[in-house]
Every structure is written in C-alpha cells, then in structure tokens.
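Have a look at the structure below before the remarks.
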Amino acid sequence: MTLFGQTLDGQQLFGIVSLVSVLALWLIVLGRERNYARWFRQWEADRKARRDAETAQHGPKRGPWG
C-alpha cells in the first residue's frame, strides 16, 4: 500500500490503523466527558434551586441550629 508516496509494509500499516483507532476512542471519550460535565452542572443548579425554594418556604434560619 502507498500513502503519500511512501510504501507501507504490514507493521507500519498496523501502526497507522492503531493510532487512528486510539484517536477515535479518545474523541468518543471526550464527548461523553463533556456531556457528563454539562449534566452535572445542570443537576447542581437544579439541586440548589430546590434547596433555595425549600429554605425560602420555611423562612430564614436564626443561628447555627436553625
């Protein structure tokens, strides 16, 4: 096989295929990690909103023991 004018043997071809597959794997992992971070930020914001609504419903606390 010839790639960019360079003749590749089996070992070099295997190395290129391996590198491309590892790159694809890392791109998939990066996408999933970004989705998880986005989900977690939204979950924290929702939790804080629920907690703030609950605190507002019961009124302000007076002291460290409520």
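- Listed by chain and residue number, K48 satisfy the salt bridge (charged side-chain N to carboxylate O under 4.0 Å, His left out) test with D52 (two or more places apart in sequence, or in another chain).
- For residues 7-38, the pairs satisfying ring pair (Phe, Tyr, Trp, His ring centres under 6.0 Å) are Y36-W39, with sequence neighbours left out.
- The environment of CD in E44 is crowded: more than 12 heavy-atom neighbours from other residues, nucleotides or ligands sit within 6.0 Å.
- No side-chain donor from either of N35 and R32 sits under 3.5 Å from a side-chain acceptor of the other.
- Here the CG-CG distance, from L27 to L23, works out to 4.5 Å after rounding to the nearest 0.5 Å.
- For the atom pair CG (D9) and CD (Q12), the distance works out to 4.5 Å, reported to the nearest 0.5 Å.
- Atom OG in S21 sits 12.0 Å away from atom CD1 in I16 (nearest 0.5 Å).
- E54 CD to R50 CZ: the interatomic distance, rounded to the nearest 0.5 Å, is 10.0 Å.
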